[in-house]
Engineer: 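Here it is, the structure, as structure tokens.
So that the names make sense, note that chain A is the first sequence line, chain B the second, and so on, each numbered from 1. Note: hydrogens, waters and symmetry copies are ignored here, and every other heavy atom, side chains too, is used.
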2 protein chains.
Amino acid sequence: MKIGELAKRTGCKVVTIRFYEKEGLLAAPERSGGNYRVYSLEDWERLEFIMHCRKHGMKLGEIRKLLAFRDHPRSDCTWVGELIDEHIANVDEQIKSLEHLKLHLEQLRRRCAGGQDGENCGIMASLKHKGECCASCPRCVVETIGE
Amino acid sequence: MKIGELAKRTGCKVVTIRFYEKEGLLAAPERSGGNYRVYSLEDWERLEFIMHCRKHGMKLGEIRKLLAFRDHPRSDCTWVGELIDEHIANVDEQIKSLEHLKLHLEQLRRRCAGGQDGENCGIMASLKHKGECCASCPRCVVETIGE
DNA sequence: CTTTACTCTATAGTAACTATAGATAGTAAT
DNA sequence: ATTACTATCTATAGTTACTATAGAGTAAAG
């Protein structure tokens with residue numbers, strides 16, 4: 001299987017496959033007579049593993065560790081669960097932060113309905129100061145104190 | 001006002017201020033005898049504007065446009081509101097995506113309670129395939145069709 | 001006068017790719 | 001056999017918004 005076929009089967013771009021090789025996530029595969037990369041089914045499976053990890057938002061460094069564990073699966077797997085826990089906490093934090101941001105943006109949006117010039121646009125004016133909600137919403141208060 | 005003081009007043013790091021200057025968001029300020037940057041109150045306000053935009057998740061390119069508009073506020077501001085709308089849509093999409101990811105991660109987490117080796121860890125096993133939910137949850141079905 | 005803190009420039013590194021240029025290989029049609 | 005087209009190869013640079021580092025000059029305090 002050449003790189004293009006592997007790309008098609010996995011949905012991973014050709015350049016990205018080469019990139020993963022350079023990064024040491026995939027081993028350098030066999031080469032054909034014409035110096036083309038030739039992949040095995042194990043390579044395919046390994047790439048799928050990598051891609052599923054990526055879909056779960058894992059970093060390449062973390063995936064490297066998981067692959068190493070996969071290659072030498074002797075020791076205790078507890079850290080794997082903890083890694084997932086960390087990710088969940090992380091994702092949670094991101095969601096909260098984005099929801100908060102959304103509030104601010106919606107508030108900002110209401111400041112101008114358009115059709116003004118820059119001097120009279122409420123959005124432009126609001127971008128000079130902190131949002132109105134900052135004094136009252138807990139997230140902003142914490143951020144303000146933290147400054 | 002030297003760069004350190006501006007940094008303290010705004011909460012923006014010294015290096016970041018210099019970076020914004022290099023990127024053309026802040027004009028190159030006056031220099032003191034000893035070649036130190038000297039900032040005015042206008043510079044301060046401009047930096048605050050930039051930082052508030054950043055807090056709203058705007059990209060430097062977008063901020064550049066907003067600053068240009070601020071500098072020449074003749075024309076119609078409608079695009080500013082549309083820009084905010086785009087951001088809101090964007091943030092919404094990110095939230096949905098993260099909530100979906102969280103589901104997957106929680107499902108993954110339940111596959112192993114730890115104390116196994118790599119061969120018997122349900123998380124490691126699950127990372128070889130797509131998550132269970134993929135056949136039933138709308139987001140995954142769409143992604144699967146898209147492949 | 002020395003120490004300490006601040007500032008300067010220039011360069012490289014971060015994450016995870018993406019894009020580009022130029023060369024080579026394989027395949028299909030003429 | 002020639003042409004055209006596609007896939008592959010390598011190496012390098014660009015992306016975003018900073019961050020880190022090195023090495024040197026400046027200012028303020030003791």
Side-chain angles (χ1 to χ4, degrees), chain A residues 1-39 43 46-47 49-67 83 86-87 90-91 94 97 101, chain B residues 1-40 43 46-67 83 86-87 90-91 94 97 101:
Chain A
M1 177 171 26
K2 281 185 289 181
I3 199 167
E5 193 182 340
L6 182 61
K8 209 168 286 174
R9 289 198 196 185
T10 57
C12 183
K13 290 184 184 169
V14 168
V15 280
T16 306
I17 296 174
R18 285 198 283 249
F19 170 73
Y20 286 158
E21 180 185 329
K22 211 176 62 178
E23 290 296 301
L25 298 179
L26 294 172
E30 308 273 306
R31 293 293 178 122
S32 73
N35 198 33
Y36 287 5
R37 288 172 177 82
V38 179
Y39 291 98
D43 293 322
R46 194 177 180 89
L47 180 54
F49 182 91
I50 293 170
M51 292 181 71
H52 295 145
C53 289
R54 286 295 295 140
K55 279 199 180 162
H56 287 97
M58 292 176 201
K59 294 181 182 178
L60 297 193
E62 291 168 339
I63 300 176
R64 227 187 303 270
K65 279 184 213 161
L66 288 167
L67 286 167
L83 179 64
E86 268 176 50
H87 272 272
N90 203 311
V91 166
Q94 285 181 61
S97 175
L101 175 58
Chain B
M1 179 175 16
K2 280 186 289 180
I3 199 168
E5 194 183 339
L6 181 61
K8 209 168 286 174
R9 288 198 196 185
T10 58
C12 183
K13 291 185 184 168
V14 167
V15 279
T16 305
I17 296 174
R18 284 196 284 246
F19 171 73
Y20 287 157
E21 179 184 330
K22 210 176 62 181
E23 290 296 302
L25 298 180
L26 293 173
E30 308 272 306
R31 294 292 178 122
S32 72
N35 198 32
Y36 287 4
R37 288 171 178 83
V38 180
Y39 292 98
S40 66
D43 294 323
R46 194 177 180 89
L47 180 54
E48 294 275 9
F49 183 91
I50 294 170
M51 292 181 71
H52 294 144
C53 289
R54 288 294 296 139
K55 279 200 178 161
H56 287 97
M58 293 176 200
K59 295 181 183 179
L60 298 193
E62 292 168 339
I63 299 174
R64 226 186 304 270
K65 279 183 213 159
L66 289 167
L67 285 168
L83 179 65
E86 269 176 50
H87 271 273
N90 202 312
V91 166
Q94 284 181 62
S97 175
L101 176 58

Engineer: Let's see if you get this right: which residues in residues 24-35 of chain B place a heavy atom under 4.0 Å from DNA chain D?
Structural biologist: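 B/Gly34, in order of number.
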Engineer: If the cut-off is 4.0 Å, is B/Tyr20 near the phosphate of D/dA17, judged by side-chain N/O to OP1 or OP2?
Structural biologist: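 No, because none of the side-chain N or O atoms of B/Tyr20 sits under 4.0 Å from OP1 or OP2 of D/dA17.
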Engineer: Starting from P on D/dT10, measure out to CZ on A/Phe19 and report it in whole angstrom.
Structural biologist: 16 Å
Engineer: How many Å lie between CD1 on B/Ile50 and P on D/dT16, as a whole number?
Structural biologist: 17 Å
Engineer: Taking the nucleotide of DNA chain D with the nearest heavy atom to each, does A/Val38 or B/Val15 sit closer to the 5' end?
Structural biologist: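 Comparing both residues, the 5'-ward one is A/Val38.
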Engineer: Starting at NZ of B/Lys22 and ending at P of C/dC8, how long is that distance when rounded to a whole Å?
Structural biologist: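 Nearest whole value for this atom pair: 14 Å.
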Engineer: Tell me whether the side-chain N/O atoms of B/Thr16 come closer than 4.0 Å to OP1 or OP2 in D/dT19.
Structural biologist: yes
Engineer: Starting at atom NZ of A/Lys55, determine the distance to atom P of C/dA16, rounded to an integer number of angstrom.
Structural biologist: 17 Å
Engineer: Quick one: pull up CG in B/Leu25 and OG1 in B/Thr16 and give me the separation to the nearest 0.5 Å.
Structural biologist: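 Going from the CG atom of B/Leu25 to the OG1 atom of B/Thr16 covers 11.5 Å.
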Engineer: Is it the case that over 12 heavy atoms from other parts of the model lie below 6.0 angstrom from the CD atom of B/Glu30?
Structural biologist: no
Engineer: Measure the CE-CD1 distance between A/Met58 and A/Ile50 for me, rounded to the nearest 0.5 Å.
Structural biologist: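 Taking CE in A/Met58 and CD1 in A/Ile50, the distance rounds to 12.5 Å.
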Engineer: Distance-only, no hydrogens or angles: does the B/Arg54 side chain make a donor-acceptor pair with backbone N or O of B/Ile63 under 3.5 Å?
Structural biologist: no
Engineer: Figure out the CD1/P separation between A/Ile17 and D/dT10, and round it to whole Å.
Structural biologist: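 Going from CD1 in A/Ile17 over to P in D/dT10 covers 13 Å.
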Engineer: Can you tell me which nucleotide in C/dA16, D/dA27, D/dA7 comes closest to the side chain of A/Tyr36?
Structural biologist: D/dA7
Engineer: Which listed nucleotide (D/dA27, C/dT18, D/dT19) is nearest to the side chain of B/Lys13?
Structural biologist: D/dT19
Engineer: Whole Å only: how far is the CG atom of A/Leu6 from the P atom of D/dT8?
Structural biologist: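 That distance rounds to 10 Å.
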Engineer: Atom NE2 of A/His87 and atom SG of A/Cys53: how far apart are they, to the nearest 0.5 Å?
Structural biologist: 9.0 Å
Engineer: What integer distance in Å separates A/Leu47:CG from C/dA16:C1'?
Structural biologist: 15 Å
Engineer: Which value, rounded to the nearest 0.5 Å, describes the distance between B/Glu62 atom CD and B/His56 atom NE2?
Structural biologist: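 Rounded to the nearest 0.5 Å, the CD-NE2 separation comes out at 13.0 Å.
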Engineer: Of all the nucleotides listed (D/dT19, D/dC9, D/dA27), which has the minimum atom distance to the side chain of A/Arg37?
Structural biologist: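 Nearest to the side chain of A/Arg37 among the choices is D/dC9.
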Engineer: Classify the nucleic acid contact of A/Arg18 as base, sugar-phosphate or nothing, counting any heavy atom under 4.0 Å across all strands shown.
Structural biologist: base
Engineer: Supply the atom-to-atom distance B/Arg37 CZ to B/Leu6 CG, rounded to the nearest 0.5 angstrom.
Structural biologist: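 Here the interatomic distance stands at 11.0 Å.
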Engineer: Output the single nucleotide from C/dA16, D/dT12, D/dT8 whose closest atom is nearest the side chain of A/Lys2.
Structural biologist: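 Among the listed nucleotides, the one closest to the side chain of A/Lys2 is D/dT8.
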Engineer: Nearest whole angstrom, please: distance from the P of C/dA15 to the CE of A/Met58.
Structural biologist: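 About 17 Å, once rounded to whole Å.
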